[in-house]
Amino acid sequence: MNVLIIGGGGREHALGWKIAQSPKLDKLYFAPGNGGTQALGQNVDIGVQDFAALAKFAQANTIDLTIVGPDDPLAAGIVDYFQKRKLAVFGPTKAAAQIEASKAFAKGLMRQARVPTAEFQVFDDRTKALNYIEQAKFPIVVKASGLALGKGVYICQNLAEAKQAIDDMMVAKLFGEAGDQIVIEDYLDGQEISVHAITDGTRALMFPFARDHKPIFDGNKGPNTGGMGVIAPVPAMISEQDAHDQFVQPIISALKKDHQPFSGCLYPGLKGSGSDYRVLEYNARFGDPETEVYMRLLEDDLLELLLECAKGHLTKTSLSWRPGFAISVVLASAGYPGSYKKGLEISGIEAAEADPDVVVFHAGTKVSDGKLLTNGGRVLNVTAVGVTLEQARTTAYQAVEKIDFSGKQFRSDIGAGL
């Protein structure tokens, strides 16, 4: 089979790394890929939003399955575009992808499907939003309804902070059109867990729970990022079956009933304590950096699974996982999540990967004149596996120390205290 993976981050490198292990694979392409993916297949210089060029490439190269990594092309309808041309593609349609592209849509669907979530109100009028927060009990959360690269969420401790959040979104337009409509909801306390399931639109297969670490600094301090590290599995008082029954299957069934069937990866983020978890938000694709640890643990043939989802017929009843734990530590550019330099030389990856328990997935990298250079905010994902979490952590951080580029920053507490 010939496979095209759309995207150029750590998620796409990890998916490609796993798919490259499939005996069914013939040729593997990435559009646009990064400095690491070219070791697995061929990078193609086509942007993720250039649907016409991507579909033309798929047709010309007899692509048997296209896998869409990022949220933006899904929200814009790339799956619909490919399906109209009889091209097999893994991911939800534009209508189903609204569950991530519109938090207002997702909240309404949760209410319809009776999925536990925080109490909320949706506003597209600034004055009405300001009037609402005058009566609110703090803390509250103000969210841009649209896609905002994971950054359009404000936890507000008082009225002044809530007013500022509303104005940032609806007046200053810090998140563009994503902030034209906002969701204001109750603050949920407790631990966050990432839940992933792949689905053919009817049935779903669960992944182990993972935990992302969003803030830039140790101790969960500083501004939020796209994710600075992740571990899996993580303990929770809720079982995977309960998560499936409460947060995954009701949404899949509701979308199918509404003639908007969801095929792809459904990723609810939960928050709670004890056995009381609620949905923070839904994502319509594999998480990043969660994918990097999942691919280290998954024992099944990923290519076979994703093709079955794309064709609407999952045959397996459960997934097989390597025993033990996996961790990913993100190495980021100095200044991230703000402004940062690109084009800095990277060294030490080969030394880090000399340990058979370590795999380094590239995110923001490129190769120029034979040199590997930084090319983004999150640069590398250093992953390790171990029988125990502490063993995986020790192995990962030993590998981190072997990799160098100017201004390298990372959290030293990924997975600590569990």
Side-chain angles (χ1 to χ4, degrees), residues 1-7 10-30 37 40-41 58 63-71 74 78-79 82-83 87-93 96-97 194-210 232-233 240-241 243-244 247-249 251-252 255-256 261-268 282-323 326 359 361 383 385:
M1 291 176 57
N2 297 332
V3 176
L4 170 64
I5 297 177
I6 294 176
R11 167 182 48 219
E12 289 75 35
H13 189 186
L15 291 171
W17 176 83
K18 185 63 182 175
I19 283 171
Q21 298 168 28
S22 172
K24 292 180 169 62
L25 180 69
D26 185 12
K27 294 181 180 179
L28 180 59
Y29 301 91
F30 298 85
T37 58
L40 297 171
I63 298 298
D64 298 289
L65 178 65
T66 297
I67 300 163
V68 185
D71 49 14
L74 291 171
I78 189 170
V79 169
F82 271 57
Q83 287 178 345
L87 294 166
V89 57
F90 176 84
T93 62
S194 300
V195 177
H196 285 64
I198 54 171
T199 174
D200 58 6
T202 301
R203 294 177 52 247
L205 298 179
M206 297 292 289
F207 284 40
F209 299 147
E240 288 175 23
Q241 186 62 51
H244 170 275
F247 309 114
V248 174
Q249 194 61 52
I251 292 297
I252 293 170
L255 286 169
K256 185 176 182 180
F262 186 106
S263 173
C265 180
L266 184 65
Y267 157 24
Y282 279 96
N283 299 289
R285 36 73 196 179
F286 283 106
D288 188 352
E290 288 89 350
T291 306
E292 286 87 313
V293 291
Y294 285 143
M295 295 305 105
R296 297 299 314 277
L297 295 173
L298 182 66
E299 293 188 329
D300 293 296
D301 186 327
L302 182 67
L303 177 52
E304 189 177 276
L305 289 167
L306 301 192
L307 182 63
E308 287 185 352
C309 287
K311 292 191 172 181
H313 184 59
L314 268 173
T315 58
K316 292 185 74 70
T317 56
S318 63
L319 299 175
S320 299
W321 301 94
R322 171 181 177 147
V359 176
F361 294 121
T383 72
V385 293

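Every heavy atom of this structure was used, including side-chain atoms; hydrogens, water molecules and symmetry mates were not.
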Check: [X] side chain, [Y] main-chain N or O, donor-acceptor pair, under 3.5 Å:
| X | Y | answer |
| --- | --- | --- |
| S320 | D300 | no |
| D200 | L314 | yes |
| Y29 | A58 | no |
| D64 | N2 | yes |
| R203 | K316 | yes |
| E290 | D288 | yes |
| Q249 | A243 | no |
| T66 | V89 | no |
| D301 | L303 | yes |

Please round to the nearest 0.5 Å and tell me the distance separating atom [atom1] of [X] and atom [atom2] of [Y].
| X | Y | atom1 | atom2 | value |
| --- | --- | --- | --- | --- |
| E12 | L40 | CD | CG | 12.5 Å |
| C265 | L305 | SG | CG | 11.5 Å |
| K18 | L302 | NZ | CG | 7.5 Å |
| I67 | F30 | CD1 | CZ | 9.0 Å |
| T199 | I252 | OG1 | CD1 | 3.5 Å |

Handout entry: E308 versus T315, side-chain donor and acceptor atoms under 3.5 Å
Key = yes
Please give me the minimum heavy-atom distance between [X] and [Y], naming the atom from each residue.
| X | Y | value |
| --- | --- | --- |
| L28 | A20 | CD2-CB, 4.5 Å |
| E299 | P323 | OE2-CD, 4.4 Å |
| A210 | A232 | CB-CB, 3.9 Å |
| F361 | G10 | CB-O, 4.2 Å |
| A284 | A97 | CB-CA, 4.1 Å |
| M206 | E240 | CE-O, 3.5 Å |

Side-chain heavy-atom pair [X], [Y] within 4.5 angstrom cut-off:
| X | Y | value |
| --- | --- | --- |
| R285 | P70 | no |
| I5 | H13 | no |
| T291 | L15 | yes |
| V195 | Y267 | no |
| K24 | L307 | no |

Handout entry: Trace of the side chain to side chain contact (heavy atoms under 4.5 Å, CB included) decision for L266 with F247
Key = CA-CA 10 Å; L266 184 65; F247 309 114; over 6 Å; no
Exercise for the section: Determine the interplanar angle of the Y294 and H196 rings, folded into 0 to 90°, and report it as parallel if under 30°, tilted if 30 to 60°, perpendicular if over 60°. Expected result: perpendicular
Practice task
Evaluate the ring planes of F90 and F286, with Trp represented by its six-membered ring, and classify them as parallel (under 30°), tilted (30 to 60°) or perpendicular (over 60°).
Solution key: parallel
